[in-house]
Protein chains: 2
Amino acid sequence: MSGKTTIYDIAKELNITAATVSRALNNNPKISKATRKLVLETAAKMNYEQNKLALALKSGKSYNIGVIVPRIDSNFFASIIRGIEEELYPKGYHVIICQTHDQEDLEIGNINSLLNAQVDGILMSISNAKLEDNQSFQKLLKKNIPLIFFDRKKDIKGVSSVTIDDFKGAYDATKHLIDQGYKRIAHLSNDRLLLIFKNRYLGYKQAIIDNGLEFDESLVIETQSKVHEGKKTTKILLDMERPPDAIFSSSDFTALGAIQEIKERGLRIPEDIGIIGFSNEPFTKFMELSITSVDQSPTEMGRITAQVFLEEVNNGKKIKSEKHVVLSPELMVRKSSRREN
Amino acid sequence: MSGKTTIYDIAKELNITAATVSRALNNNPKISKATRKLVLETAAKMNYEQNKLALALKSGKSYNIGVIVPRIDSNFFASIIRGIEEELYPKGYHVIICQTHDQEDLEIGNINSLLNAQVDGILMSISNAKLEDNQSFQKLLKKNIPLIFFDRKKDIKGVSSVTIDDFKGAYDATKHLIDQGYKRIAHLSNDRLLLIFKNRYLGYKQAIIDNGLEFDESLVIETQSKVHEGKKTTKILLDMERPPDAIFSSSDFTALGAIQEIKERGLRIPEDIGIIGFSNEPFTKFMELSITSVDQSPTEMGRITAQVFLEEVNNGKKIKSEKHVVLSPELMVRKSSRREN
DNA sequence: CTGTTAGCGCCTTCAC
DNA sequence: GTGAAGGCGCTAACAG
């Protein structure tokens, strides 16, 4: 009893065969209305529930898909995941979420775990880890398991991706600072082996150059996306002989750290120094001194990633096309960068 | 090729039978060292990987466990999940994370989804939804699927729980405000059908009474754990004839909203009004005006929840005991409540 | 339309 | 120690 009913039980009850029950349950056309109705009714009566494990074994599909992110406790990744869920749940998929915490061993471990879970696909944002070892990815490809990158991608042939135009996001942000009259703009970067950070750097640089400002490499510092790291790095910037009058940060968290340091020194924002972050984390809006930031429409990103996955599954790899979707970021101008001249 | 090797392939290769291969792979004692070694070697050579789906079908265990939370984009729940992962990954489990977004239909839907995924257990923090319908829970119990509540529990017999002492957390926080000289302390509450909020309310009330202050029910307002809700509610409080001189909030987010409103009115924190939040979200520490809050050691909570689950699984329900772990919260005193008299 | 048969990959008695 | 056989629950040919 108690939910362990199988199609055989139903078959026995009705003096028919399990295959017929299966057909009735699956809306197979070759089945009489009468029997279908009968089966459906008894199934309900007996509290029948399909055993997905058996189905998975049979079909080779688990209807589980894995999502790997650096961490889940940022609004950005949480929203992406929500977007993925919204798209995939209605199709009967489950989402297994794994975190890498930017550690290579966890990244590899997660992939293997998901493989064990027999996932039908993996959607991931690669970690900060140096993962030169593409082995895990190759393993996926060899097994024909769809792999799709979002946000933090890697160029691997055969792998689709959904990203935003980081170059544009950075360019717009920097341009905005220039328009507000800032002349010496620093950039808090991050590991530029990751394309997102490389492109933000390039966008920043281009905006500087395009607008006739002096590009000073010493104003670009790589740091980590943590509040205290941002603070530390800003200390260095402010101690320079010619300190910057604005900072474009590739992360909201480092931007926050920067603000802390600047305020501690009694400098005013945005009057003395302008600040822009990246990702539009909720706190940027909530701060008393709200922070200008670049929105990446993460929910949208998640939805599209899921759609790309569904396309690949439905194409059954017949068409082995890479698809690269690039979303457009939006600058959210707030107090930290708005000088009312 | 390509990872589709089965034990039959290995068996054929070695001219033995699949049963033997299985035994070798599973360290069954009745097997000669020689054959085991041989099997292990060829398995490695052929890139054999166990098909967990088949195993799951056979054993009835999926090694998936479901975690249901209201949302993942708060540090609190994210940390709990991390704790759970740390405990469960080494044991070979996967964690499927679901969010209810405090909607009843999603809560029920999630449970069913996890049931479909054949999870070996569900660890959950119930949503704000009124879920009077205990049906879904009963379904789990009937199926003998371990269910464990953390943080937001419901009293259901046979179900273990891991929570913190919300009463104490609230009591300590309120007591601290009193010690700092605040006399008229308001409480931003939340749906008190949820035990955590009920207990925080009771702890607050008791501290007021124990310390000879006047308990004024009109200073207690139920609101939602959102920044703008906190702001809205604080407006009401400050507009009262006898406004409060301190606010103990059952959520860090509402506390943040309260601070926004207070500052907009030109009142000073903590001089004019003291504020305490609940959960010790990272931003409470990062704000320029850091917020006093109650830490709930979420990672620990996650670990213990996982441990309780493992115990239940290992006991195989022989001992059908409920276990109720209650952790002790810790008050983190920061600027928002510290008056240097 | 429905029954029969077989197999997904694995493990576990039962013999030998 | 190892082989043979059966079954976990389901679906998909192949008959009829």
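All chains are named by letter (A, B, ...) in the order of the sequence lines, taking the proteins before the strands, and each is independently numbered beginning at 1.
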Ala54(A) or Thr35(A), whichever maps to the more 5' nucleotide of DNA chain C: Thr35(A)
Side-chain N or O of [X] less than 4.0 angstrom from OP1 or OP2 on [N]?
{"X": "Tyr8(A)", "N": "dG3(C)", "value": "no"}
{"X": "Ser22(A)", "N": "dT11(D)", "value": "yes"}
{"X": "Gln118(A)", "N": "dG9(C)", "value": "no"}
{"X": "Asn51(A)", "N": "dC8(D)", "value": "no"}

Would you check, one step at a time, whether the test side-chain contact (heavy atoms from CB on, under 4.5 Å) holds for Val159(A) with Phe137(A)? CA-CA 9 Å; Val159(A) 181; Phe137(A) 297 131; over 6 Å; no
Expressed as a whole number of angstroms, how long is the span from [X]:[atom1] to [N]:[atom2]?
{"X": "Arg23(B)", "N": "dG1(D)", "atom1": "CZ", "atom2": "C1'", "value": "8 Å"}
{"X": "Asn26(A)", "N": "dG9(D)", "atom1": "CG", "atom2": "C1'", "value": "12 Å"}
{"X": "Lys52(A)", "N": "dC8(D)", "atom1": "NZ", "atom2": "P", "value": "21 Å"}
{"X": "Asn28(A)", "N": "dT2(C)", "atom1": "CG", "atom2": "P", "value": "10 Å"}
{"X": "Leu55(A)", "N": "dA12(D)", "atom1": "CG", "atom2": "C1'", "value": "12 Å"}
{"X": "Asn27(A)", "N": "dT11(D)", "atom1": "CG", "atom2": "C1'", "value": "15 Å"}
{"X": "Lys61(B)", "N": "dT12(C)", "atom1": "NZ", "atom2": "P", "value": "13 Å"}
{"X": "Leu14(B)", "N": "dG1(D)", "atom1": "CG", "atom2": "P", "value": "18 Å"}

Report the distance from atom CZ of Arg82(B) to atom NE2 of His101(A), rounding to the nearest 0.5 Å. 3.5 Å
Which part of the nucleic acid, if any, lies within contact of [X], taking any heavy atom under 4.0 Å across all strands shown: a base, the sugar-phosphate backbone alone, or nothing?
{"X": "Leu53(A)", "answer": "nothing"}
{"X": "Thr20(B)", "answer": "sugar-phosphate"}
{"X": "Ser32(B)", "answer": "sugar-phosphate"}

Kindly assign one of parallel, tilted or perpendicular to the pair His94(A) and Tyr89(A), based on the angle between their ring planes and the thresholds 30° and 60°. perpendicular
Which of these nucleotides, dG9(C), dG1(D), dC10(C), is closest to any side-chain atom of Tyr48(B)?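 Given the options dG9(C), dG1(D), dC10(C), the side chain of Tyr48(B) is closest to dC10(C).
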When you get a sec, tell me which of dG3(D), dT11(D), dT2(C) is the closest nucleotide to the side chain of Ile31(A)?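 Taking heavy atoms from C-beta onward, the closest nucleotide is dT2(C).
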Here's a test of your reading of the structure: between Lys58(B) and Lys33(B), which maps to the more 5' nucleotide of DNA chain D?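 Comparing both residues, the 5'-ward one is Lys33(B).
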Testing Val162(B), Thr163(B), Ile156(B) for side-chain contact (heavy atoms from CB on, under 4.5 Å) with Phe149(B), which one passes? Ile156(B)
Kindly indicate whether the side chain of Arg36(B) and the base of dG1(D) share any N or O donor-acceptor pair separated by less than 3.5 Å? no
Minimum-distance pair of heavy atoms, taken over all atoms of Arg152(A) and Asp102(A): NH1-OD1, 3.6 Å
